[in-house]
Amino acid sequence: MVEVGSFQFIVLLLPLEFVSMAPASISQIKVGHIDDVQELRKFKPGAIPERFIRDMAERPTLTTMDTLLSSTDIPVIDFSQLLKGKKTDEFQFELSKLAASCQDWGFFQVINHGVDLSLLESIEKSAMEFFDLPLEEKQKYAMAPGTIQGYGQAFVFSEDQKLDWCNMFALGLIPHFIRNPKLWPTKPAEFSDTLEAYSKEIRKLCQTLLRFISMTLGLNEDVFSNMFGEAVQAVRMNYYPPCSRPDLVLGLSPHSDGSALTVLQQGKDSSVGLQILRHNAWVPVRPLPDAFIINIGDTIEVLTNGKYKSVEHRAVTHKEKDRLSIVTFYAPSYEIELGPMPEFLDENNPCKYRRYNHGDYSKHYVTSKLEGKKTLDFAKIHPNNSS
């Protein structure tokens, strides 16, 4: 049953498109009534349904919402300096900055990345044109419970689970079998071609970044590309309408990413919404114009045995301004077995994570609600567990 301005689902868990070709176990999921936040903003601008109101401990404080970074800006990496060649002083300086960014922050911005700025404008335009479509048109591509592709809210698994003040549109890109052609929109007309061109450039950026990251670790620069096989790539577009009570809701629940790398592009003139957890405090991030925000995912944390850690992050909303983000996830092939690399194990650094199949971890990730770094427990070796 589908209601205007909301979704009401009671369905069977479908195969997970981002995980594998094998069918998922069948179990019933009841997600209850889910309001579309754009429709709420349009027709009931002051309404905050109960399912969106967070418990006191989860609510963003006015301080974290209004304070922008100043002396604690996340690091900025000039990509053009890394392309000058290994023997240059500029390269060595920028590589050392990249190493510190990965180890101390897990987040950094990349400027002069080489992706055509007109392509950034085009993907932003296509994304906003999609979100601006009538609800009935967007519901043709609805995200069914138990899946993470399509339009709606992902990671919802119960009728009483708190909801994010966000509309999402997510698509699998590579390998081809994770695509669901029925979910690729025909409107706007240029959406698919623009996304294909954009994703090709972001994939090249991820591959090159991973080469440099491997060098910061003293590894062969091709170690990750050789290890990952045909890397999985997916995109999720997030739209956060203004909210009359941003102090009561979250745009996106706290989480770390299951990817190797995540690349975020924020729409121009968007509100400042991304926050990262640093020293037990939520720190807001102001994106630089035309920059990408990069973060380390759980995969790199496991492979480096915790030397480079994924970082918990979330999104908050704004009372008057909306926000758009376009997020690309880059991860190993589902068939790959992962675990800490021997280069990061010694007497002082015992193995912190078990070996596992990345497809199994991905399945675990997308069938769990966003809850900090809890999904990484899947891989952790606990002190009382020697297996």
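- Counting non-hydrogen atoms of other residues, nucleotides and ligands closer than 6.0 Å to CG of Asp346 gives a total above 12.
- Using cut-offs of 30° and 60° on the angle between ring planes, the pair Tyr361 and Tyr356 is tilted.
- Under the 3.5 Å distance criterion, with hydrogens and angles disregarded, no donor-acceptor pair is assigned to the side chains of Gln92 and Lys87.
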Trace of the side chain to side chain contact (heavy atoms under 4.5 Å, CB included) decision for Asp257 with Asn295: CA-CA 8 Å; Asp257 294 334; Asn295 65 275; 3.0 Å; yes

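- A donor-acceptor pair shorter than 3.5 Å can be found between the side chains of Ser118 and Asp116.
- Interatomic distance, OG of Ser325 versus CD of Gln265, reported as 9.5 Å (0.5 Å rounding).
- Pairing each heavy atom of Cys351 with each of Ile381, the nearest pair is O-CD1, 3.8 Å.
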Apply side chain to side chain contact (heavy atoms under 4.5 Å, CB included) to residues Val235 and Phe169 and explain how you reach the verdict. CA-CA 8 Å; Val235 65; Phe169 186 53; over 6 Å; no

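- For the atom pair Leu133 CG and Gln139 CD, the distance stands at 12.0 Å (nearest 0.5 Å).
- Contact between Ile174 and Ala231 at its shortest, heavy atoms only, is CG2-O, 3.6 Å.
- Between the side chain of Glu221 and the backbone N or O of Ser214 there is no donor-acceptor pair closer than 3.5 Å.
- Donor-acceptor pairing under 3.5 Å is lacking for the side chains of Tyr353 and Lys380.
- No donor-acceptor distance shorter than 3.5 angstrom exists from the side chain of Ser126 to the backbone of Ile123, with no hydrogens or angles considered.
- Looking only at atom types and distance, the side chain of Gln149 has no donor-acceptor partner in the side chain of Asn180 under 3.5 Å away.
- In this structure, Glu343 and Leu217 have side chains that are not in contact, with every pair of non-hydrogen atoms separated by 4.5 Å or more.
- Below 30°, between 30° and 60°, or above 60°: for Phe52 and Trp165 the angle between ring planes is above 60°, a perpendicular geometry.
- For the pair Thr299 (side chain) and Gly258 (backbone), a donor-acceptor distance under 3.5 Å is present.
- Using a 4.5 Å cut-off on side-chain heavy atoms (C-beta onward), Lys125 and Glu129 make contact.
- Side-chain atoms of His358 and Asp360 include no donor-acceptor pair closer than 3.5 Å.
- Checked by atom type, the side-chain pair Thr328/Tyr198 shows no donor-acceptor distance below 3.5 Å.
- With values rounded to the nearest 0.5 angstrom, Gln275 atom CD is found 8.5 Å from Leu250 atom CG.
- For the pair Leu82 and Ile77, the minimum side-chain heavy-atom distance is below 4.5 Å.
- Put simply, CD1 on Ile336 and OG on Ser362 are 11.5 Å apart, with the number rounded to the nearest 0.5 Å.
- Closest heavy-atom contact between Ser192 and Pro185: OG-O, 3.9 Å.
- With a 4.5 Å cut-off on side-chain heavy atoms, Phe131 and Leu324 count as touching.
- Panel note: side chain Asp36, backbone Glu39; a donor-acceptor pair is recorded below 3.5 Å.
- A donor-acceptor pair under 3.5 Å is formed between the side chain of His113 and the backbone N or O of Asp290.
- Taken to the nearest 0.5 Å, the SG atom of Cys243 stands 7.5 Å off from the CG atom of Leu248.
- You'll find the side chain of Tyr141 reaches within 4.5 Å of the side chain of Thr186, heavy atoms only.
- Without hydrogens or angle criteria, Asp164 side chain to Ser253 main chain gives a donor-acceptor distance under 3.5 Å.
- Shortest non-hydrogen contact noted between Ala127 and Met237 is CB-SD, 3.7 Å.
- Side-chain N or O atoms of Glu124 include one that pairs as donor or acceptor with a backbone N or O of Lys268 at under 3.5 Å.
- Annotation for Leu288 and Gln109: closest pair N-OE1, 2.8 Å, computed over non-hydrogen atoms.
- Note on Ile34 and Phe43: separate hydrophobic clusters, where clusters join Ile, Leu, Val, Met, Phe, Trp and Tyr whose side-chain heavy atoms are under 4.5 Å apart, directly or indirectly.
- No side-chain donor-acceptor contact under 3.5 Å links Asn349 to the backbone of Leu345.
- Residue Lys200 qualifies as open at atom NZ: its count of foreign heavy atoms under 6.0 Å is 12 or below.
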What's the verdict on side-chain hydrogen bond (donor to acceptor under 3.5 Å, both in side chains) for Tyr239 and Asp322, showing C-alpha distance, side-chain angles and the deciding distance? CA-CA 8 Å; Tyr239 180 69; Asp322 62 356; 2.7 Å; yes

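- Lys307 places no side-chain N or O within donor-acceptor distance of the main-chain N or O of Phe344, the cut-off being under 3.5 Å.
- Leu98 is not connected to Ile111 by any chain of hydrophobic side-chain contacts under 4.5 Å among Ile, Leu, Val, Met, Phe, Trp and Tyr, and they are in different clusters.
- Using a 4.5 Å heavy-atom cutoff, the side chains of Arg54 and Lys162 are in contact.
- Remark: Arg278 fails to qualify as a cation-pi partner of Phe107 under the 6.0 Å distance and 45° angle criteria applied to the six-membered ring.
- Both Trp184 and Phe130 are assigned to one and the same hydrophobic cluster, defined by single-linkage of ILVMFWY side chains at heavy-atom distances under 4.5 Å.
- Distance alone, capped at 3.5 Å, places no donor-acceptor pair between the Ser199 side chain and the Glu196 backbone.
- Considering CD1 of Ile53 and CD of Glu58, their distance stands at 12.5 Å, rounded to 0.5 Å.
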Residues Phe93, Thr88; criterion side chain to side chain contact (heavy atoms under 4.5 Å, CB included); working and verdict: CA-CA 9 Å; Phe93 177 71; Thr88 66; over 6 Å; no

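- In summary, the side chains of Tyr151 and Asn167 do present a donor paired with an acceptor at a separation below 3.5 Å, with no hydrogens or angles considered.
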Carefully, step by step, assess Phe292 and Leu205 under the rule side chain to side chain contact (heavy atoms under 4.5 Å, CB included). CA-CA 10 Å; Phe292 290 120; Leu205 176 66; 3.6 Å; yes

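- Under a cut-off of 6.0 angstrom, the local environment of CG in Asn226 is crowded, with over 12 non-hydrogen atoms contributed by other residues, nucleotides or ligands.
- A side-chain donor from one of Ser310 and Glu301 sits under 3.5 Å from a side-chain acceptor of the other.
- Between Thr304 and Met341 there is no side-chain heavy-atom pair separated by less than 4.5 Å.
- Met143 places none of its side-chain heavy atoms less than 4.5 Å from the side chain of Leu183.
- Residues Phe224 and Leu210 share a closest heavy-atom pair of CD1-O, 3.6 Å.
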